[in-house]
Structure formats: structure tokens, C-alpha cells
Amino acid sequence: MTSFELPTYADVEAAAARIAGVANRTPVLTSRTLNELAGAELFIKSENFQRMGAFKFRGAFNALSKFSPEQRKAGVVAFSSGNHAQGIALSAKILGIPATIVMPHDAPAAKVEATKGYGAEVVVYDRYTEDREAIGRRLAGEHGLTLIPPYDHPDVLAGQGTAAKELFEEVGELDYLFVPLGGGGLLSGTALSTRALAPRCVLYGVEPEAGNDGQRSFRSGSIVHIDTPKTIADGAQTQHLGNYTFAIIKRDVNDVLTASDADLVSAMKFFATRMKTIVEPTGCLGLAGALNMKQSLKGKRVGVIVSGGNIDLERFCALAAV
Ligand SMILES: *Cc1c(COP(=O)(O)O)cnc(C)c1O
């Protein structure tokens, strides 16, 4: 039983109308080589071609579009060192809303610069001695800012569900769909679209092997908390699912699978060499999960969501060289 109201597919449709003409309608890539390798027909929804390089723009723009005039004037605050920060910063810039992003003092310079480049104010904190949520909440309280969390928010997850909506509209029903899983915003939004548009599709979340809290939560029926996992999938280093995201995942998803860092590197190299597309390690979770169970996919129509492509060239080369 949940004591709060869960978003529905109608919220995904409303989000799709809000982001239309602002977010990119990303391509669905196919590859004969990949189909031969998997023995199935694969459809790759490529959010590495989304604005700011990841699906996070969808949820961020949807959430900020719903602000009242007072909220718009006061501004938004988010805590993130990754794609959510950039999604919020870019959405705020487009909508003319002041944005404050709380980032760790040792966040990659490129990410800090990208966030500042979108006009956001960056507040740094010491990740070993300070609590970013507390800082975010204090800023929200002192300055009347609205805090938008990276995944556990109805407008954020409804926005993320628009990627799968586009996928089903473009290719029709699928037998399987594989989706990267961190805190569950993408997977829960995808689940709303899947149950509305392809009710028989088997839907899997895929998370890093080193941080299988989502799998343990799904299989045990209550949210499991873990320490920050050590994995190259930095977009999925979450410690637990959210209340909204878990309630939907529990109800609408078929299972949660895992992929190792080595699987992610193989998928990243495949995308680069055979499909000429750059995918960040977290973005490779879906394909890695699908290839791990390819025996079960023979002759099926299989969707994969590639969630993002933001990786420094130096880091990409270092991972590819291993
Ligand atoms: C945030 C992110 C994820 C995980 O999304 P959740 O909504 O937290 O599950 C996966 N891939 C990329 C590229 C991300 O930025």
C-alpha cells in the first residue's frame, strides 16, 4: 500500500506535450551486426543524442515547466555532479529560471564548467564531511527555492517516460525492453509507457553488479539501502530506489538484472566501433543486460534504451584500452 498518489501514463502524455519542440526526438538505431550477434531484432533508443547528452533533460524540463510564477521567480535548486545537474541547468536557462546546483568539491572540472556554461550558480560542498541533501534543503528554505530531486519526483519520472513512449510509437510493440537503472526515474517512467502501449512486453531494469540494491529491493519487496557502489557506471551509483519509483517498479517491471563493469566496457566498445556512437558506461547497461541473456531472446523484437553519452574523451580512451 502506498499513501501517496502515483503518476500515470496520462502524466507521461502531458509531459510529452510540454517537452515537444524543446527536447530532441532521439533516433532509434538498428544494426545488422548486432542483430546477428544477438539472434534477435534490436531497436536502440539513443538518448545519448538528447539535449545535454542524456535523457535527464526530459524529466528536468517537465518538472520546471510546471513551476508557478512564484517558483519561477525564486528559482530551482538541485544536488548532483552528473547529468541531472546539466538537465536542470539547461532547462532553467531555457525557461528563464535561476538555478543553483550543489556539487561535490572534487566533481570533474568539465562537469562544473558545463553546468556553469548553462548559467547555473554552482555551490560546492565537501562530500566527505557535508551532506548535500541538507545543503540543498537549507538553500531551498533560506531562499524559497524549489528542490528538484534526480529521480524520486512524479514530474521527473513522468518526463523520463517520454523516451519509451516515442520508442513504442516509432517501432510498435516489443517482446522485451531493457532499461538502465539507478534511482529508478527512467525505469519507472518507462514502465508507465510500457504498460500503456505494449502491455505484454517483458520489461527489465539493468543495474551495475556492484550495486544491486534495485534487484534486492525488487525481489524482497522493500527498498534496500547500500553504500555507494564502486562501478564505472557513475550515473547509477545510487544507494537506494525512491518511494515513487519503487512503487511503480514493483508493480509494473518484470525483473531487475545486473551487468558487470567488463560487460559495460564491451558494450561501449561495440557501440563505438560497430555503430559509430559514443555511449557512457551507465548508458550501456541496457545492451549489456540484453546480451547477457541472448539465449532467451532468439527471434524476438527487443528494445534497449541507451540513457546517455556524457564521458570525457580521456576517460573513454582509458576504458577502451583495458
Ligand atoms: C541518471 C542516469 C541513469 C539512471 O537513471 P535513474 O532515473 O536514476 O534510474 C542512467 N543513465 C544515465 C546516463 C543517467 O544519467
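Excluded from the calculations below are hydrogen atoms, water molecules and symmetry mates; all remaining heavy atoms, backbone and side chain alike, are included. Note that the coordinates shown come from a computational prediction; the quantities given were computed from them, not determined experimentally. Both counts, for ligands and for their atoms, begin at 1 and track the order of listing.
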Query raised in the report: According to the interplanar angle, ranging from 0 to 90°, do the rings of Y176 and F178 count as parallel (below 30°), tilted (30 to 60°) or perpendicular (above 60°)?
Result: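 Taking F178 first and then Y176, their aromatic rings lie parallel (interplane angle under 30°).
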Query raised in the report: Side-chain contact, heavy-atom cut-off 4.5 Å: H240 with V224?
Result: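 No, too far: nothing below the 4.5 Å cut-off.
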Query - K66: partners by side chain to side chain donor-acceptor pair (under 3.5 Å), with sequence neighbours left out - result: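 With neighbours one apart ignored, the set is D155.
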Report task. Apply side chain to side chain donor-acceptor pair (under 3.5 Å) to T162 and list each qualifying residue two or more places apart in sequence or on a separate chain. Result ->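 Once residues adjacent in sequence are excluded, the partners of T162 under the side chain to side chain donor-acceptor pair (under 3.5 Å) criterion are R58.
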Query - Contact list for residues 64-92, test ring pair (Phe, Tyr, Trp, His ring centres under 6.0 Å), sequence neighbours left out - result: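 Residue pairs with at least one partner in residues 64-92: there are none.
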Write none if no such pair exists; otherwise list each N/O atom of ligand 1 with its protein N/O partner under 3.5 Å and the distance.
unit_1: ligand 1; atom_1: 7 (O); unit_2: G185; atom_2: N; d: 2.8
unit_1: ligand 1; atom_1: 7 (O); unit_2: L186; atom_2: N; d: 2.9
unit_1: ligand 1; atom_1: 8 (O); unit_2: G183; atom_2: N; d: 2.8
unit_1: ligand 1; atom_1: 9 (O); unit_2: G182; atom_2: N; d: 2.8
unit_1: ligand 1; atom_1: 9 (O); unit_2: G183; atom_2: N; d: 3.1
unit_1: ligand 1; atom_1: 9 (O); unit_2: G184; atom_2: N; d: 2.7
unit_1: ligand 1; atom_1: 11 (N); unit_2: S307; atom_2: OG; d: 2.6
unit_1: ligand 1; atom_1: 15 (O); unit_2: K56; atom_2: NZ; d: 2.7
unit_1: ligand 1; atom_1: 15 (O); unit_2: N83; atom_2: ND2; d: 2.8

Query - Short side-chain donor-acceptor distance under 3.5 Å, T146 and Q71 - result: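 Result is yes, a qualifying pair exists.
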